[in-house]
2 protein chains.
Amino acid sequence: MRQPTTSTSRARGVDRVISLCEQLHLHREPMTPKELMAATGAPRSSVYELINLLSEAGWLETGSDGRIFFGRAMHYFGLDYADHNDLLRRARPVMRQLSARFDETTQLCMLDGDKYTVMLNENGARPFRISSEVGVKVPIPWTASGRVLLGGMPREAILGLVPEADFVLPSGEQIDIDAFLAEIEHTRQRGYALTEGLVDSFACCMAVPIHEGDTVARATLCFTVGRNADQARREALVEALREAAATLSHGD
Amino acid sequence: MRQPTTSTSRARGVDRVISLCEQLHLHREPMTPKELMAATGAPRSSVYELINLLSEAGWLETGSDGRIFFGRAMHYFGLDYADHNDLLRRARPVMRQLSARFDETTQLCMLDGDKYTVMLNENGARPFRISSEVGVKVPIPWTASGRVLLGGMPREAILGLVPEADFVLPSGEQIDIDAFLAEIEHTRQRGYALTEGLVDSFACCMAVPIHEGDTVARATLCFTVGRNADQARREALVEALREAAATLSHGD
DNA sequence: CGTTGTCGTCCGATATATCGGACGGTTGTC
DNA sequence: GACAACCGTCCGATATATCGGACGACAACG
């Protein structure tokens, strides 16, 4: 996940901390010290020492079953981040309102490396909702949001950014690159993206850009609704998204 | 903040990471590298290297003004924590509902070391609301929650836990220890705590315990309302808190 | 009940990360 | 335009953190 930029072995101590936390994040479940050893490749004694140090600082906690997971400190830090990020802070109430109004799941997504990432998620109350957890990363071509963000980007840049493998859907189906590029352009002109049954065959996703400055979309706002939503409803949803995005754009 | 338990100088690299993040958290504002040097006491080159490493991993981000703050990764980690903590996960919707129903600020607090800490905060919509940010730590004797949690704890344990200095209110007023102990006992028998004008002379705070097992309160749920709330309203609020706490108790 | 496997802690030699200081770039001042 | 102050990067000697392995505790098992 991280470039071997400078050198692989400069500041190993720090790397250890980072990779341990990344592993915990990837597994999304508390892990035993053993699993952490295997996952990080660090020797046993180092892992234990690290766990102790980080636990002492509240970065990690040991559950009653002996498994390790993130601790309170991470909660604080994460909230610090969310509070200081202008866009996230302002977006939350707007999204909450959108979700409540239409009773659908709203998400704010940003590009992180070569993947799309869910940064905020507000669930609608309906029982069979479609939603994904904050922090989930998805290949760009799988998402409506991806089509929005890539708008206006030259063909070469897109091909350079998106890994080959990401053009294959979970179903195994291959996304045609030229069709994808055409869709992006269409999306840009229309101002919003609409995808149906891409990742999930029953889902339909609408995304609009949130602009920073006047040039690039910094983030996208999207509804994910059942595929059965009729035309009128879709139009209403898109319109609401546009309005919301307009109030959030031009942020700082 | 951290005990000098084992030895002050074992694993300095890790300590650096920890103290840098703690400083960022304490300042609650993005910091320049210079400020970080001063705050952590680390030499210039070390701070820069650390910043680079952590930035590469997404733990830190550099704003347009060159200031450093937490990055996306922290957001993910923090949410992982909140998602995996049964109590927090279940509490959020309950609190949201409470806040909406009474239009007051609800908080879930837990003990962290010798301080009370706000773990979740749901604001009511009223304009002059009383609320504090998640992560804020408050001396135990200043809070209604503190009176709840200490219920049943022997005198010695309480005096051992609470630092001398924490019995002095921000106003400078000294809290009488015996009266405080009596209040704790009263609180325990009554099942809820009620404080008026302790930290803030206009605030009135109500707290009830959330039990784990059947013995200790693991957390408290509280309303913080204006002091002018009348008796009937207070009773209604406390009753709602009790109900909510009952559904959250006995969690796992 | 001896044996074997797993777990967490501890420790010293050695591989290695750290920090002082030098360097080149930029900005502000007289 | 010369000078000073500051910024971020880079690098090598050396102070120091790391990891292999030993240790005791505990549990499982034949």
Side-chain angles (χ1 to χ4, degrees), chain A residues 1-24 27 29-73, chain B residues 1-24 27 29-73:
Chain A
M1 194 134 304
R2 315 176 38 240
Q3 294 101 314
T5 39
T6 44
S7 81
T8 321
S9 64
R10 197 143 185 106
R12 186 164 57 204
V14 179
D15 272 338
R16 283 272 145 78
V17 179
I18 292 175
S19 75
L20 188 146
C21 289
E22 271 181 359
Q23 290 304 325
L24 277 180
H27 283 242
E29 285 298 325
M31 295 169 78
T32 61
K34 201 181 197 173
E35 290 172 317
L36 280 171
M37 284 175 46
T40 61
R44 207 157 57 103
S45 40
S46 306
V47 171
Y48 276 110
E49 181 148 22
L50 204 46
I51 290 174
N52 288 337
L53 283 165
L54 293 179
S55 298
E56 222 173 281
W59 287 37
L60 300 179
E61 277 170 19
T62 305
S64 50
D65 58 352
R67 287 211 160 77
I68 314 287
F69 208 63
F70 291 118
R72 289 181 303 275
Chain B
M1 194 137 300
R2 315 176 38 241
Q3 294 99 318
T5 39
T6 44
S7 82
T8 321
S9 63
R10 198 145 185 103
R12 186 164 57 204
V14 179
D15 272 339
R16 282 271 145 77
V17 179
I18 292 175
S19 76
L20 187 147
C21 290
E22 271 181 359
Q23 291 303 326
L24 277 179
H27 282 242
E29 286 299 326
M31 296 169 78
T32 61
K34 201 180 196 175
E35 290 171 321
L36 280 171
M37 283 174 46
T40 61
R44 208 157 54 106
S45 40
S46 307
V47 171
Y48 276 110
E49 181 147 23
L50 206 46
I51 291 175
N52 288 338
L53 283 164
L54 294 179
S55 297
E56 222 173 280
W59 287 38
L60 300 179
E61 277 170 18
T62 306
S64 49
D65 58 352
R67 287 211 160 78
I68 314 285
F69 208 63
F70 291 117
R72 287 181 305 275

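Heavy-atom basis, side chains included; hydrogens, waters and symmetry copies ignored. So that the names make sense, note that chain A is the first sequence line, chain B the second, and so on, each numbered from 1.
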What verdict does the side chain to side chain contact (heavy atoms under 4.5 Å, CB included) test give for Leu36(A) and Leu50(A), after you've listed the backbone C-alpha separation in whole Å, the side-chain angles of each residue and the deciding distance to 0.1 Å?
CA-CA 11 Å; Leu36(A) 280 171; Leu50(A) 204 46; over 6 Å; no

For Val14(B) and Trp59(A), what are the C-alpha separation, side-chain angles and deciding distance, and is it a side chain to side chain contact (heavy atoms under 4.5 Å, CB included)?
CA-CA 12 Å; Val14(B) 179; Trp59(A) 287 37; over 6 Å; no

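Summarising the geometry of Ala57(A) relative to Glu22(B), their closest heavy-atom pair is O-OE2, 4.4 Å, with the distance given to 0.1 Å. The heavy-atom pair separating Pro33(A) from Gly66(A) by the smallest distance is CD-O, 4.1 Å. The two residues His27(B) and Ala39(B) have their closest heavy-atom pair at NE2-CB, 4.4 Å.
Residues Asn52(A) and Val14(A) each lie close to DNA chain C; by heavy-atom proximity, the contact nearer the 5' end of the strand is made by Asn52(A). Toward the 5′ end of DNA chain C lies the nearest nucleotide of Pro33(A), the other residue of the pair Gly13(A) and Pro33(A) mapping further downstream.
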Can you give me the N/O atom pairs linking the protein to nucleotides 20-23 of chain C at distances under 3.5 Å, or say none if there are none?
from	atom 1	to	atom 2	distance (Å)
dG20(C)	N7	Ser45(B)	OG	3.2
dG20(C)	O6	Ser45(B)	OG	3.1

So which protein nitrogen or oxygen atoms get under 3.5 Å of nucleotides 13-15 of chain C's nitrogens or oxygens?
none

Below 3.5 Å is the cut-off: list the nitrogen or oxygen pairs between protein and nucleotides 25-28 of chain C, distance only.
none

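The phosphate of dA17(C) has neither OP1 nor OP2 within less than 4.0 Å of any side-chain N or O from Arg16(A).
Under the side chain to side chain donor-acceptor pair (under 3.5 Å) criterion, the residue pairs touching residues 32-46 of chain B are Thr32(B)-Glu35(B), with sequence neighbours excluded.
Spacing between atom CD1 of Ile18(B) and atom P of dA17(D) amounts to 13 Å, rounded to whole angstrom units. Here the P atom of nucleotide dC19(D) and the CD1 atom of Ile51(A) are 14 Å apart, to the nearest Å. In this structure, CE of Met37(B) is placed 12 Å from C1' of dG8(D), rounded to the nearest angstrom. As a whole-Å value, the separation of Leu53(B) CG from dT9(D) C1' is 13 Å. Here the P atom of nucleotide dT18(D) and the CG atom of Asp15(A) are 12 Å apart, to the nearest Å. We find that CG of Leu50(A) is positioned 13 Å from C1' of dC19(D), with the value rounded to whole Å. Residue Lys34(A) contributes atom NZ, which lies 16 Å from atom P of dT9(C) at whole-angstrom precision. For the pair Tyr48(B) OH and dC7(D) P, the interatomic distance rounds to 6 Å; values are reported in whole Å.
Within the helix from dC1(C)-dG30(D) to dC30(C)-dG1(D), the inter-axis angle between the opening and closing five-pair segments is 30°, rounded to 10°.
To the nearest 0.5 Å, atoms CZ (Arg67(B)) and CG (Leu24(B)) are separated by 11.5 Å. Residue Glu49(B) holds its CD atom at 10.5 Å from CG of Leu54(B), rounded to the nearest 0.5 Å. Once rounded to the nearest 0.5 Å, the distance linking CD1 of Ile68(B) with CG of Leu20(B) reads 8.5 Å.
Scored by the side chain to side chain donor-acceptor pair (under 3.5 Å) test, Arg16(A) finds no partners at all (sequence neighbours excluded). Taking the ring pair (Phe, Tyr, Trp, His ring centres under 6.0 Å) definition, one finds that Phe69(A) meets it with His84(B), sequence neighbours left out.
Each of dT9(D), dG8(C), dT18(C) was ranked by its minimum atom distance to the side chain of Ser46(B); first place goes to dT18(C).
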